[in-house]
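All of these numbers come straight from a predicted model, not from anything done at the bench.
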Amino acid sequence: MVLLAEDDAAISDPLARALRRQGYEVNLAETGPDALTGARDSDVVVLDLGLPGMDGLEVCRTLRAEGSVVPVLVLTARGSEIDAVVGLDAGADDYVSKPFRTAELMARIRALLRRGRQEPDVLRGQDLVIEISARRAWQQDRELALSQRQFDLLSFLVSRQGEVVSREEIMRQVWQTNWVASTKTVDMHVSWLRRALGETASTPRYIATIRGVGFRFEAS
């Protein structure tokens, strides 16, 4: 799914047609708030910086603050190096200056999609840093002593930060099983993980319990 966030129909309409001819599914957004909403369910975002309602820089900053790793390609004004630098500093992955050649833009999108399919090796949430391949987790400057299951549980919750995940989904993703006759083991491991993070269920900083549903890792 490509999200094309551009309020100028003279640019968005022909570009959307070109993308669809290449087999991409395309969603359009004409305002910053619509772009922010649509980006959460997209594989790549083509983002104009001059959107109404919320400019592209704020959209990009908000996405990154939420922990989103969706690839973002910003469209900048012609020859504006400042816009390009600011966009990259805001968390964009690449940029193209207007007017652009459609073939070049397509090539940039393909490159971002290839990169986006790779799982991130480092996850961040609040003051936590998780190194997936090294299987190490840090809380500020302190390395956490986690069991294998606790590490997998924390990684999963942080990867879905801000979202409520059910106990059943945790069982499927972390325990790799659909057995849901009892999910008390999830609660037990969450309790142990909270202890490692220095919090309790009554005063959660990281992991909130959503009664009757599951858990949510707080994005901030």
Side-chain angles (χ1 to χ4, degrees), residues 1-126 129 132 158-164 216-220:
M1 173 75 71
V2 177
L3 176 70
L4 180 52
E6 169 63 67
D7 64 332
D8 186 348
I11 295 175
S12 62
D13 287 353
L15 182 53
R17 287 195 297 270
L19 287 164
R20 288 175 179 132
R21 283 197 299 269
Q22 294 294 316
Y24 295 109
E25 186 177 353
V26 181
N27 275 347
L28 299 176
E30 296 183 352
T31 69
D34 286 346
L36 182 59
T37 299
R40 297 179 177 126
D41 297 315
S42 299
D43 298 308
V44 66
V45 179
V46 179
L47 182 65
D48 180 41
L49 294 184
L51 293 173
M54 175 190 290
D55 67 34
L57 292 175
E58 188 60 28
V59 171
C60 196
R61 290 192 187 102
T62 302
L63 283 172
R64 297 310 185 223
E66 293 176 351
S68 173
V69 295
V70 61
V72 175
L73 184 152
V74 296
L75 302 178
T76 69
R78 181 177 184 177
S80 177
E81 293 184 2
I82 293 178
D83 281 351
V85 170
V86 172
L88 294 173
D89 285 345
D93 299 275
D94 201 355
Y95 72 93
V96 170
S97 298
K98 300 177 183 177
F100 51 80
R101 293 184 298 111
T102 301
E104 178 188 3
L105 186 62
M106 293 289 190
R108 300 288 185 92
I109 290 173
R110 287 194 295 272
L112 288 177
L113 283 169
R114 287 194 299 270
R115 189 189 314 171
R117 292 188 185 102
Q118 301 174 1
E119 293 295 325
D121 191 56
V122 177
L123 296 173
R124 291 180 171 83
Q126 297 195 43
V129 177
I132 301 299
V158 172
S159 74
R160 299 284 295 276
Q161 60 187 289
E163 301 178 28
V164 178
R216 179 184 63 231
F217 186 92
E218 303 291 11
S220 61

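- Annotation for Ala92 and Cys60: closest pair N-SG, 3.4 Å, computed over non-hydrogen atoms.
- Atom CG of Asp34 and atom CG of Leu3 lie 9.0 Å apart (nearest 0.5 Å).
- Contact between Leu51 and Glu30 at its shortest, heavy atoms only, is CD2-O, 4.1 Å.
- Taken from CG in Leu75 to CG in Asp8, the straight-line distance is 10.5 Å, to the nearest 0.5 Å.
- How far CG of Leu28 is from CG of Asp7: 12.0 Å, rounded to the nearest 0.5 Å.
- Residues Ser12 and Leu4 approach most closely at O-CD2, 3.5 Å, considering heavy atoms.
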Handout entry: Verdict with reasoning, Leu19 to Met106, per side-chain contact (heavy atoms from CB on, under 4.5 Å)
Key = CA-CA 8 Å; Leu19 287 164; Met106 293 289 190; 3.5 Å; yes
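- Heavy atoms only, all atoms of each residue included: Val96 and Arg108 are closest at CG2-NH1, 3.8 Å.
- The environment of CD in Glu25 is sparse: at most 12 heavy-atom neighbours from other residues, nucleotides or ligands sit within 6.0 Å.
- To the nearest 0.5 Å, atom CG of residue Leu123 and atom CD1 of residue Ile132 are 4.0 Å apart.
- Smallest separation of non-hydrogen atoms from Gly125 and Val158: N-CG1, 4.1 Å.
- Here the CG-OG1 distance, from Leu49 to Thr76, works out to 6.5 Å after rounding to the nearest 0.5 Å.
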Practice task
Begin with the C-alpha distance, continue with both residues' side-chain angles, and end with the deciding distance and a verdict on side-chain contact (heavy atoms from CB on, under 4.5 Å) for Asn27 and Asp41.
Solution key: CA-CA 10 Å; Asn27 275 347; Asp41 297 315; over 6 Å; no
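- Of the possible donor and acceptor atoms, none in the side chain of Glu58 sits under 3.5 Å from a partner among the backbone N and O of Gly53.
- At a threshold of 4.0 Å, the pair Asp93-Arg64 counts as salt-bridged, since one of the basic side-chain nitrogens sits closer than that to a carboxylate oxygen.
- Between Ala35 and Leu47 the shortest heavy-atom distance is CB-CD1, 4.3 Å.
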Handout entry: Derivation of the side-chain contact (heavy atoms from CB on, under 4.5 Å) call for Tyr24 and Val44
Key = CA-CA 11 Å; Tyr24 295 109; Val44 66; over 6 Å; no
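- Distance check, rounded to the nearest 0.5 Å: CG of Leu88 to CG of Asp94 gives 7.5 Å.
- Taking a cutoff of 4.0 Å between a charged side-chain nitrogen and a carboxylate oxygen, Glu6 and Lys98 qualify as a salt bridge.
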